[in-house]
Q: 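If you scroll down you'll find the structure; I have some questions about it.
On a predicted model such as this, the values are computed, not experimentally measured, just so you know. Letters A, B, ... are given to chains in the order of the sequence lines, protein chains preceding strands, and every chain is numbered from 1.
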Protein chains: 2
Amino acid sequence: MVDLEDLLDTEHVLIDTVENYIKAEEQKIDLLKRYVAIYQRQQKKAREDAQSYLSNPINAYTLVKRLTADWTQVEALVNTNMNADTLANISYVKQNMKFPTDEDLNGAAVALMRLQDTYRLDTSSLARGELNGVKYSAELSAADCFELGRQSYNNGDYYHTQLWMEEAGARFKREANETVDQSDILEYLAFSIYKQGNVALALDLTNKLLELTPTHSRALGNKVYYQDQLKGQENETVKRKGDDESENIPINGVKFYKPNYDDPFGKDLYEALCRGEVSTPVEVQAKLKCRYLSRDNPFLKLAPFKVEEAHLEPDLFIFHDVMSDKEIETIKRLAQPRQQLFKTNNNYV
Amino acid sequence: MVDLEDLLDTEHVLIDTVENYIKAEEQKIDLLKRYVAIYQRQQKKAREDAQSYLSNPINAYTLVKRLTADWTQVEALVNTNMNADTLANISYVKQNMKFPTDEDLNGAAVALMRLQDTYRLDTSSLARGELNGVKYSAELSAADCFELGRQSYNNGDYYHTQLWMEEAGARFKREANETVDQSDILEYLAFSIYKQGNVALALDLTNKLLELTPTHSRALGNKVYYQDQLKGQENETVKRKGDDESENIPINGVKFYKPNYDDPFGKDLYEALCRGEVSTPVEVQAKLKCRYLSRDNPFLKLAPFKVEEAHLEPDLFIFHDVMSDKEIETIKRLAQPRQQLFKTNNNYV
């Protein structure tokens, strides 16, 4: 788990490293271009009248020199790899500066999707960098959305895979410089939809993928598999219908299957409570109590926590007067620069 | 020994190969630049207000993604060497097309200098691509002249080393894009002048070289050596003077020592005869004869060669009516495209 502000410093150093590499490569290419220009000028002259060109002993000498002494230098330039220093620097940065792992990426993606679920944020708005209608950050690229989908897929979360691959597909169509391969989007999308039970749609998407990449070997295999599954389904339609407990939300003509989490507290209710959407019925409110909490702690006996029950099952408590305004400010100040990404859960009280 | 026209084809293919390599490298660099641009745009935004930037979960996700999923691609690009195919192609060309050797380069250089001596061509004019005041070919670069000097040096021909290193030095001063290292020119020049006996000038040039490159280890060694030699010379001035048979030709303030070749025919006279400069005295002309040559060959008995003596010691003969005009044209036609460079000697009859 890394601090985000450290990562900004790491990124800064890495950009410098790559920029220096680009400069070195460009110098090498410029030098090669100068050689090529000389070679081409002489070739052009020679091609106009090869016999008279070659009958001149000065031209004969420079031709032989271009292919011996000069060529040795051209070949040495082509043979020189400018990336050794750069790779060494990158390796040093990775060992000596803060660097995120794949787990950090997965955590960041999961945190973003937890936020999305809890506050019912629309995928497209989120991808535009909007939170509750206000634009806070840069837009996500198709590749950024694709990666969110891919992380969900790796977590076995096919619901979010579908949401973000759909968004990646929509953004892909608008990108001038493509950031991701459309076949990859379609492959993940088809499989996540199959995993949620819509085999027909998965087959449609796989056919679309095969139009783009007719030789896509996994798609060819999946197509046969989906077709077999569909034939099997037709034979047991009645049985399947009763089994399907998913909630269908049609978006952009694609059916979304939000899974039921195996969650004893009821995740939907929990999220709705966090959003303040649930108005607790009077008969329930009547049973809620306020109390002091001191837990046999001598200090808390003198100044106990004031606890208000806001909901039962899942339990939701409000702790009153826990901190002074000054303490709150201090904590916010301390927390912000070292804010850790993946503790979203701990922010719910 | 290679045919020059074949070398033009080889050069053509090699230029194509290097151009393709340049294109591939540029595509890679363009892609890297696109990545760097994205990284820099986000760094700039983050640096304006790091805390509010990082408190946004979308920015937090993209930052982590830039340093994990995206960085993997940047690093892979940096790690990719585009030159493998190019080097394989070059190697294929070298094995399957005509390619000159270092000996060919030496031959071409020697041929050019033999021409220079025989027709008393001025070094500067030759470097400008002029033969007898007519511009026939491109100018030689400082590096082209340097290579002529270096080849002469390798042949132990310090006279031409000096001529061409002088010319390389003059051209070096006028070049916007330097093609050769000035220290290298001075080092060869100093040593070739020392080898011709002018130790004082060799020492001057070595001091000039040390002004340019104070740590030049060979120059530092040579300086001590030349100084020792000069001290020794002062002690035996009288003895040395009589030994010096070189012909002194002052050019550009530098004394040139044209060596006496160990040549039984007298190279100077031979060259003068080739230039048509020697008007044979009447008393010698009176002894010259014309005769038929048949060498016991039955065909030549019927149609003998008509031989005219033009000079004796060195012998110079003119063979009359050897070929018909048609035969001459045929030979010229056959010879030109496959003209071989290093048979200059055979052109003298």
Q: Under a 4.5 Å cut-off applied to non-hydrogen side-chain atoms, are B:N59 and B:L54 in contact?
A: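 They are not in contact (no side-chain heavy atoms under 4.5 Å apart), so the answer is no.
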Q: Assess whether a salt bridge exists between A:K98 and A:E11, defined as any Lys/Arg side-chain N lying under 4.0 Å from an Asp/Glu carboxylate O.
A: no
Q: Is chain A contacted by the side chain of B:I90, its backbone, both, or neither, given a heavy-atom distance below 4.5 Å?
A: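 Side chain only.
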Q: Using a 4.5 angstrom heavy-atom cutoff, name the option from A:M82, A:K45, A:R47 with the most pairs to chain B.
A: A:R47
Q: Heavy-atom cut-off 4.5 Å, strictly under: side chain, backbone, both or neither for A:Q73 against chain B?
A: neither
Q: Mind ranking B:N81, B:L112, B:V36 by heavy-atom pairs under 4.5 Å with chain A and telling me who comes out on top?
A: B:N81
Q: To the nearest 0.5 Å, what is the distance between OH (B:Y188) and OG1 (B:T161)?
A: 9.0 Å
Q: Between B:E19 and B:K23 (salt bridge meaning N to carboxylate O under 4.0 Å), is one present in this structure?
A: no
Q: So for B:R41, is it side chain, backbone, both, or neither that comes closer than 4.5 Å to the heavy atoms of chain A?
A: neither
Q: Can you find a side-chain donor-acceptor pair between A:N155 and A:N106 that sits under 3.5 Å?
A: yes
Q: Just checking, any donor-acceptor pair under 3.5 angstrom between side chains of A:Y53 and A:E48?
A: no
Q: In terms of heavy-atom proximity below 4.5 Å to chain A, should B:A127 be classed as side chain, backbone, both, or neither?
A: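 Neither the backbone nor the side chain of B:A127 comes within 4.5 Å of chain A.
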Q: Side chain, backbone, both or neither: which part of B:K94 has a heavy atom under 4.5 Å from chain A?
A: side chain
Q: Tell me which of these, B:I15, B:T62, B:T10, has more heavy-atom pairs under 4.5 Å with chain A than the rest.
A: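 The candidate making the most pairs under 4.5 Å is B:I15.
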Q: Between B:E75, B:Q43, B:K33, which has the largest tally of heavy atom pairs under 4.5 Å with chain A?
A: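 Between B:E75, B:Q43, B:K33, the count favours B:Q43.
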Q: Please classify the contact of B:L140 with chain A as side chain, backbone, both or neither, using a heavy-atom distance under 4.5 Å.
A: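 The side chain, not the backbone.
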Q: Tell me, for B:Q151 versus chain A, whether the close heavy atoms (under 4.5 Å) come from the side chain, the backbone, both or neither.
A: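 For B:Q151, there is no contact with chain A at all, as no heavy atom is under 4.5 Å.
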Q: In terms of heavy-atom pairs under 4.5 Å, which option from B:L77, B:D70, B:I38, B:N177 contacts chain A the most?
A: B:N177
Q: Could you look at B:L63 and say if it's the side chain, the backbone, both or neither that has a heavy atom under 4.5 Å from chain A?
A: side chain
Q: Measure distances from B:Y39 to the heavy atoms of chain A and classify the residue's part below 4.5 Å as side chain, backbone, both or neither.
A: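 Backbone plus side chain of B:Y39, per the 4.5 Å heavy-atom cut-off to chain A.
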Q: Return yes if a side-chain donor-acceptor contact under 3.5 Å exists between A:E175 and A:T179, otherwise no.
A: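 Judged by distance alone, the side chains do pair up.
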Q: Is there a side-chain contact between A:H160 and A:D117 (heavy atoms, below 4.5 Å)?
A: yes
Q: With chain A, which of B:T72, B:T80, B:N79 has the greatest number of heavy-atom pairs at distances under 4.5 Å?
A: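 Result: the option with the highest number of such pairs is B:N79.
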Q: Does a side-chain N-to-carboxylate-O contact under 4.0 Å join B:R150 and B:E147?
A: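 B:E147 and B:R150: salt-bridged.
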Q: About how many Å separate CD of A:E178 and OG of A:S141, when rounded to the nearest 0.5 Å?
A: 12.5 Å
Q: Among A:A46, A:A138, A:A50, which residue has the highest count of heavy-atom pairs closer than 4.5 Å to chain B?
A: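 The residue among A:A46, A:A138, A:A50 with the greatest pair count is A:A138.
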Q: Contact part of B:D9 toward chain A, heavy-atom cut-off under 4.5 Å: side chain, backbone, both or neither?
A: both
Q: What part of B:K28 is in contact with chain A, defined as an atom under 4.5 angstrom from a non-hydrogen atom: side chain, backbone, both or neither?
A: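 When you check distances to chain A, only side chain atoms of B:K28 fall under 4.5 Å.
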Q: Quick check on B:D85: does its CG atom have over 12 non-hydrogen neighbours (other residues, nucleotides or ligands) under 6.0 Å away?
A: no
